[in-house]
Amino acid sequence: SHARRDRQVRDAFVDAALTGAGIPVLHVPVQARYTLRDVQEALREFLPSHLAVRDGPASVVLRSPDEAERFALGLRFFTNEGKLLSGLDDPALVQVFKAWEENGTAYRAMTLCHGRNMAETLQARWKSPSERSLRALLDMLLGALDQLHRGGVQHRDIAPRNVMLEPDGRPVLLDLD
């Protein structure tokens with residue numbers, strides 16, 4: 001069976017929304033799985049709900065013309081940061097493959113993670129993780145943060161819900177903006 005195709009972005013089809021949680025000041029992340037040549041990646045869209053709304057399947061319109069400058073600034077920041085992130089490579093960072101503007105908004109194509117976030121994992125556990133395993137996770141995450149900082153990027157929302165624990169146990173820092 002084929003997944004539902006909600007809309008097309010560039011030469012890829014958006015299959016399904018994954019989450020709409022987490023509302024940073026300038027960005028409301030809309031994450032979706034999308035398929036390009038049978039490869040699934042996560043697609044993050046710049047769509048701050050307090051500034052803009054979707055107008056049909058592919059276009060975005062501002063809630064007010066007075067917000068045009070603020071929206072343009074956020075859009076430029078989102079795109080530029082995505083391009084910078086695409087040059088970073090760390091196993092504990094979500095890999096950004098590309099960032100671009102289209103449909104009056106911007107997108108980032110990145111690794112599709114398959115684990116659960118750390119908050120969900122900790123809630124589901126019967127006992128607390130050992131100090132040794134926590135130190136190992138922190139070492140990997142601190143290495144990723146060091147890579148970000150050397151690249152001129154600050155995370156701004158480090159929290160258990162923004163750390164994905166992959167099936168192999170590797171932590172991946174998400175929600176970089």
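Computed from a predicted structure; not experimentally measured.
- There is a path of hydrophobic side-chain contacts, each under 4.5 Å, that joins Leu142 to Met164.
- For Asp146, the side chain to side chain donor-acceptor pair (under 3.5 Å) criterion is met by Arg150, not counting sequence neighbours.
- Residues satisfying the side chain to side chain donor-acceptor pair (under 3.5 Å) test with Ser133, not counting sequence neighbours, are Ser130.
- The CG atom of Leu141 sits 6.5 Å away from atom CE of Met118, with the distance rounded to the nearest 0.5 Å.
- Remark: Arg132 CZ is loosely packed, at most 12 non-hydrogen atoms of other residues, nucleotides or ligands lying under 6.0 Å away.
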Practice item. Give the intermediate values and the outcome of side chain to side chain contact (heavy atoms under 4.5 Å, CB included) for residues Val163 and Leu137. Key: CA-CA 10 Å; Val163 176; Leu137 285 174; over 6 Å; no
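- Smallest separation of non-hydrogen atoms from Leu62 and Ala68: CD1-CA, 3.4 Å.
- Using a distance-only test at 3.5 Å, with no hydrogens or angles considered, a donor-acceptor pair links the side chain of Asp168 to the main chain of Arg170.
- Residues forming a side chain to side chain donor-acceptor pair (under 3.5 Å) with Arg63 (at least two apart in sequence, or on another chain): none.
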Exercise for review: Kindly indicate, with the supporting measurements, whether the criterion side chain to side chain contact (heavy atoms under 4.5 Å, CB included) is fulfilled by Asn162 and Asn117.
Suggested key: CA-CA 7 Å; Asn162 290 330; Asn117 72 40; over 6 Å; no
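- Contact record, Thr79 with Ala106: OG1-CB, 3.3 Å, taken as the closest heavy-atom pair.
- Under the 4.5 Å side-chain criterion, counting only non-hydrogen atoms from C-beta, Leu122 is in contact with Pro129.
- Nearest approach of Phe71 to Phe46, heavy atoms of both residues: CE1-CE2, 3.4 Å.
- Take Glu131 and apply the side chain to side chain donor-acceptor pair (under 3.5 Å) test, not counting sequence neighbours, and it matches Arg135.
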I'd like a table of donor-acceptor pairs (distance under 3.5 Å, sequence neighbours excluded) in which one partner is a side-chain atom from residues 84-95, with atom names and distances.
unit_1 : atom_1 : unit_2 : atom_2 : d
Ser86  : OG     : Lys83  : O      : 2.6
Asp90  : OD1    : Ala92  : N      : 2.8

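- Using a 4.5 Å cut-off between side-chain heavy atoms of Ile, Leu, Val, Met, Phe, Trp and Tyr, with links allowed through other members, Ile158 and Val96 fall into the same hydrophobic cluster.
- Every residue two or more places apart in sequence or in another chain that forms a side-chain contact (heavy atoms from CB on, under 4.5 Å) with Ser64 is listed here: Asp66, Glu67.
- Summarising the geometry, atom CG belonging to Leu148 is positioned 8.5 Å from atom CD belonging to Glu81; distances are rounded to the nearest 0.5 Å.
- To the nearest 0.5 Å, atom CG of residue Leu75 and atom CG of residue Leu51 are 11.0 Å apart.
- Side chain of Glu166 to main chain of Gly115: a donor-acceptor pair is present (N/O by atom type, distance under 3.5 Å, no hydrogens or angles).
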Point to revise | Check against side chain to side chain contact (heavy atoms under 4.5 Å, CB included), Gln123 and Arg116 | key: CA-CA 11 Å; Gln123 284 180 337; Arg116 289 195 314 193; over 6 Å; no
Exercise for review: Apply side chain to side chain contact (heavy atoms under 4.5 Å, CB included) to the pair Asn103 and Glu45, showing each step before the final yes or no.
Suggested key: CA-CA 10 Å; Asn103 301 327; Glu45 179 180 33; over 6 Å; no
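- Remark: side-chain polar atoms of His155 are paired, donor with acceptor, to backbone N or O of Leu174 under 3.5 angstrom.
- Nearest approach of His149 to Gln154, heavy atoms of both residues: CD2-CA, 4.3 Å.
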